[in-house]
Amino acid sequence: MIYRILGLDPGTNYMGYGILEVDGRTLTPIVLGDIDLHKISDPYDKLRYIFERVRGLITEYSPKEVALESPFFGQNVQSMLKLGRAQGVAMAAALSCNKPVAEYAPTRIKQAITGSGAASKQQVAAIVMRTLKIEDAPRRLDATDGMAVALCHYYATSSPLNAALGDNRIKGLGGEKTARKRGSKSWEQFVSENPKRVKK
């Protein structure tokens with residue numbers, strides 16, 4: 001069966017994306033690039049644009065599934081909130097097209113691609129390009145990051161072990177129950193424990 005995966009690396013200035021086509025064990029990169037957001041000053045216009053562009057990619061390339069890089073915890077709470085909004089809108093766009101969505105932690109994506117959860121963006125880009133035989137490097141590493149998410153999703157879902165486990169397969173932030181525990185719940189806990197770090 002031939003199918004496609006849309007990988008998204010959400011960001012507030014550039015959102016990387018990659019469309020990966022899977023035909024058995026043959027992987028073909030269909031397109032990779034980035035959604036340029038840095039010139040849009042109004043935050044709500046930016047969110048609307050993310051929604052429209054993600055829906056546009058889904059309409060144009062008809063992926064079977066959509067995979068996103070999940071939120072990470074940084075030092076700047078305001079930046080984290082903005083990134084979370086961008087991720088949420090991208091996810092909503094996919095769900096509005098009735099596409100199943102999966103999330104993967106940044107370290108897990110790097111681990112899947114390079115073997116190291118501490119790999120640099122340059123290392124991820126180099127291995128993605130070599131694995132998929134991409135000759136021309138994209139303008140920005142956000143694009144190869146997006147393709148890395150799609151490739152990570154392929155590795156996770158094509159594993160015979162994951163297929164045997166079915167709905168209990170390990171994915172996202174480390175498994176369905178773990179993902180819920182470490183995802184939005186831990187964010188709420190972080191905010192409740194650090195109210196002074198949230199700008200109002």
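Computed over heavy atoms, backbone and side chain alike; hydrogens, waters and symmetry mates excluded.
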Engineer: Using a 4.5 Å cut-off on heavy atoms from C-beta on, say whether the side chain of Val128 contacts that of Leu32.
Structural biologist: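 Heavy-atom side-chain distance check fails, nothing below 4.5 Å.
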Engineer: Quick check: closest heavy atoms across Cys152 and Ala112, and the distance to 0.1 Å?
Structural biologist: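 For Cys152 and Ala112, the tightest heavy-atom pair comes out as SG-CB, 3.9 Å.
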Engineer: List the atom of Thr144, the atom of Pro138, and the distance in Å for their closest heavy-atom pair.
Structural biologist: CG2-CG, 3.8 Å
Engineer: For a side chain to side chain donor-acceptor pair (under 3.5 Å) check, start with the C-alpha distance between Ser62 and Arg4, then their side-chain angles and the critical distance, and finish with the verdict.
Structural biologist: CA-CA 7 Å; Ser62 301; Arg4 291 178 175 180; over 6 Å; no
Engineer: Please evaluate residues Val66 and Leu8 with respect to the criterion side chain to side chain contact (heavy atoms under 4.5 Å, CB included), reporting the C-alpha separation (whole Å), side-chain torsions for both, the decisive distance (0.1 Å), and the verdict.
Structural biologist: CA-CA 8 Å; Val66 178; Leu8 294 170; 4.0 Å; yes
Engineer: Once ring pair (Phe, Tyr, Trp, His ring centres under 6.0 Å) is applied, do any residues pair with Phe51, and if so which ones, sequence neighbours excluded?
Structural biologist: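 For Phe51, no residue satisfies ring pair (Phe, Tyr, Trp, His ring centres under 6.0 Å) once neighbours in sequence are set aside.
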Engineer: Given 3.5 Å as the limit, does a donor-acceptor pair link the side chain of Asp42 with the main chain of Asp45, or not?
Structural biologist: yes
Engineer: Could you please spell out the steps behind the side chain to side chain contact (heavy atoms under 4.5 Å, CB included) verdict for Lys64 and Met1?
Structural biologist: CA-CA 11 Å; Lys64 177 186 175 186; Met1 180 182 68; 3.4 Å; yes
Engineer: In Å and rounded to the nearest 0.5 Å, what is the CD1 to CZ distance from Ile40 to Arg48?
Structural biologist: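 So the gap between those two atoms works out to 9.5 Å.
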Engineer: When you measure from the side chain of Lys99 to the backbone of Pro63, do you find a donor-acceptor pair of N or O atoms at a distance under 3.5 Å?
Structural biologist: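 Yes, because the side chain of Lys99 sits within donor-acceptor range (under 3.5 Å) of the backbone of Pro63.
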Engineer: I want to check something: taking the side chain as every heavy atom from C-beta on, are Tyr104 and Leu68 in contact at a cut-off of under 4.5 Å?
Structural biologist: no
Engineer: Return the CD1 to CG distance between Ile35 and Leu57, rounded to the nearest 0.5 Å.
Structural biologist: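 Nearest 0.5 Å value for the CD1-CG distance: 5.5 Å.
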Engineer: Look only at the side chain of Lys82 and the backbone of Thr12, and say whether a donor-acceptor pair between them is shorter than 3.5 Å.
Structural biologist: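 Not confirmed, Lys82 side chain does not pair with Thr12 backbone.
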Engineer: Atom OG1 in Thr157, atom CD1 in Ile5: separation rounded to 0.5 Å?
Structural biologist: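 If I round to the nearest 0.5 Å, the distance is 5.0 Å.
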Engineer: Is atom CZ of Arg85 surrounded by more than 12 heavy atoms (other residues, nucleotides or ligands) closer than 6.0 Å?
Structural biologist: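 Open.
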Engineer: Please report the closest heavy-atom contact between Pro10 and Gln87, naming both atoms and the distance.
Structural biologist: CB-CG, 3.3 Å
Engineer: Would a 4.5 Å heavy-atom cut-off, applied to side chains only, mark Leu20 and Ile30 as touching?
Structural biologist: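 Of all side-chain heavy-atom pairs linking Ile30 with Leu20, none is under 4.5 Å.
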Engineer: Pair Lys110, Ser116 - check side chain to side chain contact (heavy atoms under 4.5 Å, CB included), show working.
Structural biologist: CA-CA 6 Å; Lys110 293 177 182 179; Ser116 170; over 6 Å; no
Engineer: Do the non-hydrogen side-chain atoms of Met15 and Asp142 ever get within less than 4.5 Å of each other?
Structural biologist: no
Engineer: Could you tell me whether the side chain of Glu21 reaches within less than 4.5 Å of the side chain of Leu27, counting heavy atoms only?
Structural biologist: no
Engineer: Look at the side-chain heavy atoms of Ile, Leu, Val, Met, Phe, Trp and Tyr, link any pair under 4.5 Å apart, and say whether Val124 and Leu141 land in one connected group.
Structural biologist: no
Engineer: Taking the side chain as everything from C-beta on, heavy atoms only, tell me whether Leu151 gets closer than 4.5 Å to Val149.
Structural biologist: no
Engineer: Please give me the minimum heavy-atom distance between Ser70 and Ala105, naming the atom from each residue.
Structural biologist: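 Here Ser70 and Ala105 meet closest at OG-CA, 3.1 Å.
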Engineer: Within the structure provided, determine whether Tyr14 and Leu37 are in side-chain contact (heavy-atom separation under 4.5 Å).
Structural biologist: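 Not touching, per the 4.5 Å side-chain cut-off.
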Engineer: How many angstroms lie between atom OH of Tyr3 and atom OH of Tyr154, to the nearest 0.5 angstrom?
Structural biologist: 6.5 Å
Engineer: How long is the span from the CD1 atom in Ile109 to the CG atom in Asp9, to the nearest 0.5 Å?
Structural biologist: 7.0 Å
Engineer: Please check this pair: side chain of Asp36 against backbone of His38, looking for a donor-acceptor N/O pair closer than 3.5 Å.
Structural biologist: yes
Engineer: How close do Cys97 and Arg55 get, counting heavy atoms only, and between which atoms?
Structural biologist: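 That would be SG-NH1, 3.6 Å.
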Engineer: Looking at Ala119, is its backbone amide N or carbonyl O close enough to the side chain of Thr114 to form a donor-acceptor pair, meaning the two atoms are under 3.5 Å apart?
Structural biologist: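 No, the answer is negative, given that no donor and acceptor are paired below the 3.5 Å cut-off.
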Engineer: Specify the closest pair of heavy atoms between Pro29 and Ile134, including all atoms of both residues, with the distance to one decimal.
Structural biologist: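 Answer, listing the atom of Pro29 first, then Ile134: CG-CG1, 3.9 Å.
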Engineer: Does His153 reach the side chain of Glu65, with side-chain heavy atoms less than 4.5 Å apart?
Structural biologist: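 Contact flag for His153/Glu65 side chains = yes.
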Engineer: Would you give the length of the straight line joining atom CE of Met147 to atom OH of Tyr17, rounded to the nearest 0.5 angstrom?
Structural biologist: 10.0 Å
